[in-house]
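The structure under discussion appears below in the form of structure tokens.
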Amino acid sequence: MSLPVEAPGSVSRDPIGVVIEISGSASQIRLDATALARLVDNDDASLAMGGQVGSLIKVKVGSNWLMANVRTLKADGEGNGIIGFIDFLGEGDEERLTGKIYNFRRGVTRYPVPGSGVYPVTSQDMRQMYAAEDRPHIEIGTVYPTRDIRGALFIDALLGKHFALLGSTGTGKSTSAALILHRICEMAPQGHIVMIDPHGEYSAAFKTNGALFDVSNLAMPYWLMNFEEHCEVFISGNREERQLDVDILAKCLLAAKAKSRAAEGIAKLTVDSPIPYLLSDLTSNIQAEMGRLDKAGDSAPYMRLKTKIDEIKSDPRYSFMFSGMLVADTMAGFLGRVFRLPGDGKPISIIDVSGVPSDITSVVVAVLARLVFDYAIWSRNEPQRPILLVCEEAHRYVPAENGGAVSSVGKILGRIAKEGRKYGVSLGLITQRPSDLAEGVLSQCGTIIAMRLNNERDQAYVRSAMPEGARGFLDTIPALRNRECIVCGEGVTIPIRVAFDALEEVKRPASTDPLFSKLWTESGGEDEMLGRVIKRWRSQGR
């Protein structure tokens, strides 16, 4: 294969192939195996990778250099030629004296013609491509395959258009999430971040710079629920007569709220208004309505409602939300604590919902998410305080619709994904099963941080949500090492592969896998341990 003739120079200035076909963003090149072999032992890690799958190449067009990612390679059957499929990423200007690339930008304004030379990209080229410039950013790791070029996320674009962190179990997803959030907290110590932690992992990571909440200190008043959330808690099942229960609850709840002092001066009180009321007033109203019935046989829905409310009031597991101590008007104090208003140097709230009874976990998350969104809406004429809401195990709360009714938490998180950025609410989704997410939610995330995904269905789902130019990077997702990721979208200049920085032990979440080989060699004290466990188990204490 004959390569374009160039003035002799270093391997970085010698062509390694030619363009043979141009078709929009994806094109074909023919590489010379002998030229590639000369790069392998180069000290420059980027040059040593030149022409390989996942590496970058560049093509000269006028005074510009086009950058492209090598997606696939195959032998062309004609001697030592290799056919490669590439995706164009962006372009930069050439400095005439040094030949260096500068002013790199996404997109292509002018395509090369077949026969144009293909060249390897140097670490210096990559340094210009991934330069964070003067935009506010956080550094999360090292760009592959270099040893010193830092991978940066542009914070305004990352948070302004939502982001998703995806990865199979065991890939280091929790530690990587903690790293990103720590970097954001260090950059913005007066920020406002709320994280939903379903497994109690992240309290250990943010004990020095975060506010930690669980069932022992959350004290979330039940009257902050809207009517739909009240129905999910107090009305069970999908019986045909469920609508009758809903109508009874609406009438009695509105009457209970109208009796509250906080409702005074409110002209249009609704069942959704966050007004303090007494649960005893609600049950009294239900009892009174039942007493007005003509037939005793019609009292079943009233009894169901009253019994359910009384059960929740008396169950100690629900005391963090339905305690009689939570009837005071503490809305301002609750929002200030949870939303970090002010931050006081601890800009993140970790809401540990692992101790919340499973039947109301989704309602608790729905209330927290809705409060974030409603606060943003009703504070539009005030000084802006954008809030980042991070959901771990996001597929539990916004699952794919399978013909069933969408829960209140699914509705509010879906609405935040679609409309949140207009009101200053950013959404961060963390999940190991992106294919189980509701359709459309992932596509609303402007930045996708994809770690290794072992499931082919998950890979296909993520691929469909990625921009066209990142497809070549996506093909490497199954081969990523632990704590490596592909980042594409608004938060980066062009798609990049990054090895995450190591995180200090004190800042890591409590998500380490148990070492069976070590732990199964230990014994002693089992009788006392069983006694303590059973005591906590029976008392539902943690």
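For the atom pair Ile22 CD1 and Ser27 OG, the distance stands at 3.5 Å (nearest 0.5 Å). A distance of 5.0 Å separates OG in Ser349 from CD1 in Ile351, rounded to the nearest 0.5 Å. Here the CG-CZ distance, from Asn69 to Arg497, works out to 10.5 Å after rounding to the nearest 0.5 Å. The NE2 atom of His192 sits 11.0 Å away from atom CZ of Phe339, with the distance rounded to the nearest 0.5 Å. Rounding to the nearest 0.5 angstrom, the gap separating the OG atom in Ser379 from the CG atom in Leu341 is 9.0 Å.
Judged by distance alone, the side chain of Arg183 and the main-chain N or O of Glu139 form a donor-acceptor pair under 3.5 Å. Under the 3.5 Å distance criterion, the side-chain polar atoms of Asp344 are left unmatched by any main-chain donor or acceptor of Lys346. Between the Asp352 side chain and the Phe213 main chain, no donor and acceptor come within less than 3.5 Å of each other. Between the His162 side chain and the Gln444 main chain, no donor and acceptor come within less than 3.5 Å of each other. Although no hydrogens or angles enter the test, the distance criterion places a donor-acceptor pair under 3.5 Å between the side chain of Gln459 and the main chain of Leu453.
Taking the six-membered ring for Trp and the full ring otherwise, the centers of Phe104 and Trp65 sit at least 6.0 Å from each other.
Remark: the Ser168 side chain and the Gln432 side chain contain no N/O donor-acceptor pair separated by less than 3.5 Å. With 3.5 Å as the limit, one finds no donor-acceptor pair spanning the side chains of Tyr144 and Glu484. The closest side-chain donor-acceptor pair between Glu490 and Thr447, if any, does not fall under 3.5 angstrom. Counted by atom type alone, Thr109 and Glu91 present one or more donor-acceptor pairs between their side chains at under 3.5 Å. There is a side-chain donor-acceptor pair under 3.5 Å between Asn482 and Arg452. With hydrogens and angles left out, the side-chain atoms of Ser354 and His199 include no donor and acceptor closer than 3.5 Å. In the model, Ser435 has a side-chain atom that pairs as donor or acceptor with a side-chain atom of Asp458 under 3.5 Å.
In this structure, Arg396 places its CZ atom where more than 12 heavy-atom neighbours from other residues, nucleotides or ligands lie under 6.0 Å away. Atom CZ of Arg481 has 12 or fewer neighbouring heavy atoms from other residues, nucleotides or ligands inside a 6.0 Å radius. Residue Lys418 qualifies as open at atom NZ: its count of foreign heavy atoms under 6.0 Å is 12 or below. Few gaps surround CZ on Arg105; more than 12 heavy atoms of other groups in view lie less than 6.0 Å from it. The neighbour count for Glu456 CD, taken as heavy atoms of other residues, nucleotides or ligands under 6.0 Å away, does not exceed 12.
Between His182 and Phe206, the ring-plane angle classifies as parallel under the 30° and 60° cut-offs.
Contact check for Thr208 versus Lys507: no side-chain heavy atoms found under the 4.5 Å cut-off. Side-chain atoms of Leu36 and Gln52, non-hydrogen and from C-beta on, never get closer than 4.5 Å to each other. Between Val19 and Val59 there is a side-chain heavy-atom pair separated by less than 4.5 Å. The closest side-chain heavy-atom distance from Thr146 to Thr142 is below 4.5 Å.
For Asp156 and Lys161, the salt-bridge test fails: no basic side-chain N is under 4.0 Å from an acidic carboxylate O. Taking the charged nitrogens against the carboxylate oxygens, Arg483 and Asp501 have no contact shorter than 4.0 Å, which rules out a salt bridge. Looking at Glu522 and Lys518, a side-chain N of the basic residue comes within less than 4.0 Å of a carboxylate O on the acidic one, giving a salt bridge. Salt bridge status for Lys58 with Asp125: present, with a side-chain N to carboxylate O gap under 4.0 Å.
For the residue pair Leu388 and Gly428, the shortest heavy atom distance occurs at CD1-N, 4.0 Å.
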